[in-house]
Asker: 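Mind looking over this structure? Questions follow.
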Amino acid sequence: MDLTYSAADEAFRAEARAWLREHVPERPPPSLETAEGFAAHRAWEAELSAARWSVVDWPARYGGRDASLVRWLLFEEEYYAAGAPGRVGQNGVSLLAPTLFAHGTEEQRARVLPPMGTGEVVWAQAWSEPEAGSDLAALRSKAVRVSGGWLLSGQKTWSSRAAFADRAFGLFRCDPDAERPHLGLVYVMFGLRAPGVTVRPIARLDGRPAFAELFLDEVFVPDDDVIGEPGEGWRIAMAATGNERGLMLRSPGRFLASAGRLHRLWRARGEPESARARVADALIGARAYQLFACAAVSRLADGGSIGPESSLNKVFWSEYDIALHETALDLLGAEGEAADTEWAERYVFALAGPLYAGTNEIQRDIIAERLLGLPKGRRG
Amino acid sequence: MRFLFDAEQRAFIGSLDKMLTTADTPAVVRAWSRGEHAAGRALWSRLADAGVWALAVPESRGGLGPRPVELAVAFVELGRHAVPGPLVETVTAAVLLAGLPETGPAGRLVPALQAGEALATVAWDAPYALDGDVAGVRLALTGEGLFLSPGHGPVRRSLDPARRLTSLAPGGRLLASGPPPARALLHARLCTAAQALGVGEALLAQAVGHVRRRTQFGVPVGSFQAVKHRLADARIGLEFARPLVFGAALTLDPADVAAAKVAAGEAAYATARAALQAHGAIGYTAECDLSLWLTKARALLGAWGDPDTCRTEVLRGAGLR
């Protein structure tokens, strides 16, 4: 067991820190859930990408640095410690890119990944439907075979970033007669401005259009934009949600930085006794999450994989994030009500954590059934 | 960075687990609680043979240590099997005594502890010393220094019947003056955290076993979501305490050790509550072996740094960065 980093890894960290110190904007850009903020965040991605810091763990030929997961952890620590902006391309980078690496063709990777890495093309997700939330396999939107591709029709919802994004990826039913609902799905990529697509932004709690409904009416998708074999969509998508819940969606660096900010806020407010235990718990939780990730990265480096353990991670970070921001708002007292503090938007964002990427109820079922070995209940 | 056990550590875990599984520890614990120490002392010797006590003694004094990671590994197993006795105290005494000149009493006491011939207890900022009636080495830390206590008071019952609380007689030989070395308290706290983690893992395993077997309304009670989710939460708490315990063993940073103590102590206690609820009334009986772990989870929460004390240490550490 060893928690020290090699000299080469420390040099990588130092290089990232030096670049970020030079380039992170002094004033944070406007909220990325606004048109103006979205554009500013996209420009920031271009700046990161020009110095090859936007997707460090990708191969160099797609714009990355071939960085190991250890270096990715170090980069993320430096990124959030520097107070750098949120990542507008995260849906694509954390979900679609791993899917392309595992199941895409070389032609797809060469075409899709570079503009994703620069922020030129921002991706939204198209999973949930009005009648398919936690029970995602009940989805009804269909893909009908035509010459050279597929026609997509139906309705998707809760599509994060879709109000301003360029393209989307998701699952559609290509074989309505398949034996089980999980079979007969196809994984496709499509343009949000393609003929037949209507995007209706949805205002989240604070009124900002953080997600959208998508209406699709015979939207043509060429065969080149299908990932893997039609009928294999569920298996392909689930491999990536394991990744999403596992490591990449919320890096430890993010929570280490948040816990540090909370600790400084507590001290600036005169170290009130009422929040003392909760501030300590934020520091403890960030350290636990960091070390948990170190263990996961070590397992992966040893040839292991992240399976249902990722559900532990997802419940932990999503509930941790809310508790941390609630503590911050409590420390702010009456000012905590104001929507224009640096804490307020992060609080609203954190509230969604237990709902998306598989609700925490679904995650607890997975933990109980697959990790503890308890019998399946009425669900499934 | 490689935050995983190596093959030797995995083998050590496996051999301890196997030895303790065959030792019928519930019977040993029940005898110990009645003040019958023979079986416990025999187990103590076998732990010495496995090298557990030597891990706290530096190589320069004939031991295998200092090996805090292996100590943490061992204490998870000791907790998992509810091994009774002044386990943490014996390690703490070994660390304290190994820092003293060999020409004094430490020269004879350290080898006795390492060989499992003597058990030790330590009174340090607590109203009691654990198992002072069976410990051959009784250390008392006061404002003046470290004393070898000449005797002990009557046994006071603990919420955990296997923990026999005693006062130590004042006076005795002064072994060292001034404050004790910080590493002694860090070892005590780390080992308690690891022991609590093992206690929590044993409680969860027993709760899972019970709800798989027990049926009501014609189905296993473990198929009900209310039961599943409470046990899932217990698993989450333990899984995130575990890296803190081994991270603290690697750094021996006071804030890391304190964080591990808070997380492991509270996760084990939350698991105890979940396990009791999952068992229903049978879990509330002294007859059910679950009680041996249930009561220990509560006792360890306050031992060697209660959560509030440890949270203060975490905040102090963060203030230094």
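Lettering follows sequence order; numbering is per chain, from 1. Atoms considered below: every heavy atom in the structure, side chains included; atoms not considered: hydrogens, waters and symmetry mates.
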Asker: Under a 4.5 Å heavy-atom cutoff, which of V297(A), D281(A), L73(A) has the most pairs with chain B?
Answerer: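 Heavy-atom pairs under 4.5 Å are most numerous for D281(A).
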Asker: I'd like to know if the side chain of H229(B) pairs up with that of N360(A) as donor and acceptor (distance under 3.5 Å, no hydrogens or angles considered).
Answerer: no
Asker: So if I apply the side chain to side chain contact (heavy atoms under 4.5 Å, CB included) rule between E239(B) and each of L312(A), I367(A), L371(A), N313(A), which one comes out positive?
Answerer: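 Testing each of L312(A), I367(A), L371(A), N313(A) against E239(B), the sole residue satisfying side chain to side chain contact (heavy atoms under 4.5 Å, CB included) is L312(A).
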Asker: For V314(B) and A280(A), which heavy atoms make the closest approach, and how far apart are they?
Answerer: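 Heavy-atom minimum between the residues: CG1-O, 4.0 Å.
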Asker: Are the side chain of S298(A) and the backbone N or O of F3(B) linked by a donor-acceptor pair below 3.5 Å?
Answerer: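 It does hold such a pair.
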Asker: Identify which part of E313(B) has an atom lying under 4.5 Å from any heavy atom of chain A, answering side chain, backbone, both or neither.
Answerer: neither
Asker: Mind ranking V219(B), T312(B), D6(B) by heavy-atom pairs under 4.5 Å with chain A and telling me who comes out on top?
Answerer: T312(B)
Asker: Quick one: pull up CG in L372(A) and CZ in R212(B) and give me the separation to the nearest 0.5 Å.
Answerer: 9.5 Å
Asker: If you count heavy-atom pairs under 4.5 Å between each of T251(B), L250(B), V262(B) and chain A, which one has the most?
Answerer: L250(B)
Asker: Would you give the length of the straight line joining atom CE of M1(A) to atom CZ of R2(B), rounded to the nearest 0.5 angstrom?
Answerer: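 So the CE of M1(A) and the CZ of R2(B) are separated by 9.0 Å.
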Asker: If you round to the nearest 0.5 Å, how far is CZ of R267(A) from CG of L315(B)?
Answerer: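 Answer for the CG-CZ pair, L315(B) versus R267(A), is 9.5 Å.
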Asker: Taking the side chain as every heavy atom from C-beta outward, state whether C294(A) and M1(B) have any atom pair closer than 4.5 Å.
Answerer: yes
Asker: Could you give me the CA-CA distance, side-chain angles and deciding distance for F292(A) and L244(B), then say whether side chain to side chain contact (heavy atoms under 4.5 Å, CB included) is met?
Answerer: CA-CA 8 Å; F292(A) 187 91; L244(B) 283 172; over 6 Å; no
Asker: Looking only at non-hydrogen atoms, find the nearest pair between A259(B) and I284(A) and report the distance.
Answerer: CB-CG1, 3.8 Å
Asker: So with a 6.0 Å cut-off around CD of Q277(B), is the heavy-atom count from everything else above 12?
Answerer: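 12 or below, so no.
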Asker: How far apart are the closest heavy atoms of A288(A) and P243(B), and which atoms are they?
Answerer: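 Here A288(A) and P243(B) meet closest at O-CG, 4.1 Å.
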Asker: If I measure from the heavy atoms of chain B, does D9(A) come under 4.5 Å with its side chain, its backbone, both, or neither?
Answerer: neither
Asker: Highest number of heavy-atom pairs under 4.5 Å with chain B: which of A301(A), A295(A), A296(A)?
Answerer: A295(A)
Asker: How about residues 191-210 of chain B versus chain A: which residues have heavy atoms under 4.5 Å apart?
Answerer: L204(B), V208(B)
Asker: Does atom CZ of R214(B) have more than 12 heavy-atom neighbours from other groups under 6.0 Å away?
Answerer: no
Asker: Can you tell which part of E309(A) gets under 4.5 Å to a heavy atom of chain B, answering side chain, backbone, both or neither?
Answerer: neither
Asker: Only pairs of heavy atoms separated by less than 4.5 Å count here; which of G285(A), G373(A), S6(A) has the most with chain B?
Answerer: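 Option with the top pair count is G373(A).
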Asker: Around atom OH of Y347(A), are there more than 12 heavy atoms from other residues, nucleotides or ligands closer than 6.0 Å?
Answerer: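 Open.
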Asker: Kindly state each residue pair satisfying side-chain hydrogen bond (donor to acceptor under 3.5 Å, both in side chains) with at least one member in residues 266-276 of chain B, sequence neighbours excluded.
Answerer: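 Sorted result for residues 266-276 of chain B: E266(B)-R311(B).
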Asker: I need the minimum non-hydrogen distance between A232(B) and A368(A), along with the two atoms involved.
Answerer: CB-N, 4.5 Å
Asker: Do you know which of V227(B), V211(B), V69(B), D308(B) has the most heavy-atom pairs with chain A at a distance under 4.5 angstrom?
Answerer: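 If we count pairs closer than 4.5 Å to chain A, D308(B) comes out on top.
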Asker: Is the shortest side-chain N to carboxylate O distance from D365(A) to K228(B) below 4.0 Å?
Answerer: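 No, D365(A) and K228(B) are not salt-bridged.
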Asker: Working to the nearest 0.5 Å, report the span between CZ of R364(A) and CD1 of I236(B).
Answerer: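 Taking CZ in R364(A) and CD1 in I236(B), the distance rounds to 5.5 Å.
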